[in-house]
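Have a look at the structure below before the remarks.
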Amino acid sequence: MNDAQTSTDLDREKQRVRERVWDALDADGASHDATTHGRIPNFVGSQAAAARLGELPVWKHARVIKSVPDKAQLPVRALALSEGKTVFMAVPKLADPHPFYLLDPTALTIPPTEAASSRVAAGIAPKVGVDALQPVDMVVLGSVAVNRAGVRIGKGAGYSDLEFAFLTEAGLIGEHTVVVTTVHELQVLDEAMPATEHDVGVDVIVTPSEVLTCRSPHRPSGLMWEHLDARKIASIPVLAARAPGR
């Protein structure tokens, strides 16, 4: 079996896991949306999960948070800003030479709960490049599914993994950085899940009812150019500028 076949098979396996979790969440009424299919679930209990995360020592020690812009993690971003933590998140699809929105809590003129919305942040937060960012203490990811070993499956676009790899190469994510995901209990699976070398594992899983610590989750050491096609590289300015052969 060649690499392309292996990748395709893994993608199919991941999609089967996604569909199963989306079906379970929809059947349970565990989402704020009509359906969870095709997205990071905006799960019921996200506020409680954020509050539980806020009780952890790793959260209390974190000063700089890199977060996904998904609705499920909005309570986490709002909590961070209300506690004076700096938050940044990626411009959609990293499609800008300055690919991150930087939310400085000391510069906010609106409440943190409003500023934490991805739509509002896009209008009030400056876009910045990597040179304007500080080392990241915590990465907050959204997930469709995650298992107790820290293997995570997103919605399939791959941007969270790209952002993580890019920031790792830039020296902003390191061994000290804690990777967290907040999810509904139905999104936590007690089984092996498919993963590739560029997939980011999580250190901590937080649900509305519990905290799970994962042992030795996988972390890519940087960008894996061989896993990126030319079209995707060309669509992301910060990658196009660094691509081998440039």
Side-chain angles (χ1 to χ4, degrees), residues 7-8 10-11 14-15 17-18 21-22 33 36-43 64-74 76-77 87-103 116-119 121-122 125 127-130 132-133 136 138-146 150-170 172-173 177 179-183 187 193-203 217-243:
S7 177
T8 300
L10 280 172
D11 288 342
K14 287 182 177 182
Q15 190 60 24
V17 173
R18 291 186 189 102
V21 171
W22 284 329
D33 297 316
T36 55
H37 280 255
R39 64 187 74 186
I40 298 295
N42 183 17
F43 64 94
V64 178
I65 309 288
K66 156 70 176 71
S67 177
V68 290
D70 300 286
K71 287 183 180 178
Q73 283 68 47
L74 189 153
V76 176
R77 299 191 298 273
V87 175
F88 71 94
M89 52 188 166
V91 170
K93 299 183 178 180
L94 294 169
D96 192 281
H98 295 88
F100 297 102
Y101 295 118
L102 180 62
L103 288 164
S117 162
S118 59
R119 184 175 298 178
K127 292 179 183 177
V128 300
V130 171
L133 300 176
V136 181
M138 179 176 288
V139 173
V140 178
L141 297 177
S143 304
V144 173
V146 64
V151 178
R152 167 193 168 272
I153 293 178
K155 64 183 178 181
Y159 286 103
S160 288
D161 295 324
L162 265 179
E163 294 158 21
F164 190 96
F166 180 71
L167 292 170
T168 298
E169 283 203 351
L172 296 174
I173 288 176
T177 307
V179 184
V180 174
T181 190
T182 55
V183 292
Q187 295 173 257
M193 295 203 313
T196 67
E197 283 300 305
H198 63 253
D199 290 332
V200 178
V202 303
D203 299 298
H218 173 71
R219 290 196 187 188
S221 58
L223 290 162
M224 297 183 178
W225 294 100
E226 66 275 17
H227 292 188
L228 299 172
D229 62 47
R231 182 177 297 180
K232 190 147 198 174
I233 293 171
S235 71
I236 301 174
V238 290
L239 293 189
R242 295 165 60 93

Least distance between heavy atoms, [X] atom then [Y] atom:
| X | Y | answer |
| --- | --- | --- |
| Ser143 | Pro41 | O-CD, 3.4 Å |
| Met224 | Glu197 | CE-O, 3.4 Å |
| Pro237 | Ser235 | CD-O, 3.6 Å |
| Gly222 | Thr168 | N-CG2, 4.5 Å |
| Phe166 | Leu239 | CD1-CD2, 4.2 Å |

What's the spacing between [X] [atom1] and [Y] [atom2] if we round to 0.5 Å?
| X | Y | atom1 | atom2 | answer |
| --- | --- | --- | --- | --- |
| Arg152 | His218 | CZ | NE2 | 13.0 Å |
| Lys127 | Phe100 | NZ | CZ | 13.0 Å |
| Arg39 | Lys71 | CZ | NZ | 7.5 Å |
| Thr196 | Leu10 | OG1 | CG | 7.0 Å |
| Ser118 | Met89 | OG | CE | 6.0 Å |
| Leu223 | Leu162 | CG | CG | 6.5 Å |

Could you check whether any side-chain N or O of [X] sits under 3.5 Å from a backbone N or O of [Y], counting only pairs where one atom can act as donor and the other as acceptor?
| X | Y | value |
| --- | --- | --- |
| Thr177 | Val136 | yes |
| Asp203 | Val179 | yes |
| Trp22 | Val17 | no |
| Asp96 | His98 | yes |
| Arg77 | Val68 | yes |

For this session: Mind running side-chain contact (heavy atoms from CB on, under 4.5 Å) on Val140 and Met138 for me, showing each step along the way?
Result: CA-CA 6 Å; Val140 178; Met138 179 176 288; 4.1 Å; yes

Less than 4.5 Å apart, any side-chain heavy atom of [X] and any of [Y]?
| X | Y | answer |
| --- | --- | --- |
| Tyr159 | Ile236 | yes |
| Val151 | Pro217 | no |
| Val144 | Ile40 | yes |
| Pro194 | Ile153 | yes |
| Ile233 | Trp225 | yes |
| Asp70 | Asn42 | no |
| Val202 | Leu141 | yes |
| Leu103 | Phe88 | no |

For this session: Take Phe164 and Arg219 through the test side-chain contact (heavy atoms from CB on, under 4.5 Å) and record every step on the way to the result.
Result: CA-CA 9 Å; Phe164 190 96; Arg219 290 196 187 188; 3.9 Å; yes

For this session: Could you walk me through whether Leu102 and Val87 pass side-chain contact (heavy atoms from CB on, under 4.5 Å), step by step?
Result: CA-CA 6 Å; Leu102 180 62; Val87 175; over 6 Å; no

Exercise. Is there a donor in the side chain of Thr182 and an acceptor in the side chain of Gln73, or the other way round, less than 3.5 Å apart?
Worked result: yes

Problem set entry | Asp11 bridged to Arg18 by N-O distance under 4.0 Å |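 Salt bridge between Asp11 and Arg18, a charged N being under 4.0 Å from a carboxylate O: no.
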
Problem set entry | Residues Lys14 and Asp199 bridged, charged N to O under 4.0 Å | yes

For this session: Can you sort out the partners of Asp161 under side-chain hydrogen bond (donor to acceptor under 3.5 Å, both in side chains), two or more places apart, ordered by chain and number?
Result: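 Partners of Asp161 by the side-chain hydrogen bond (donor to acceptor under 3.5 Å, both in side chains) criterion come out as none, since no residue qualifies.
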
For this session: Write out all pairs satisfying salt bridge (charged side-chain N to carboxylate O under 4.0 Å, His left out) with one or both partners inside residues 231-240, taking only residues at least two apart or from two chains.
Result: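 Of all non-adjacent pairs touching residues 231-240, none passes salt bridge (charged side-chain N to carboxylate O under 4.0 Å, His left out).
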
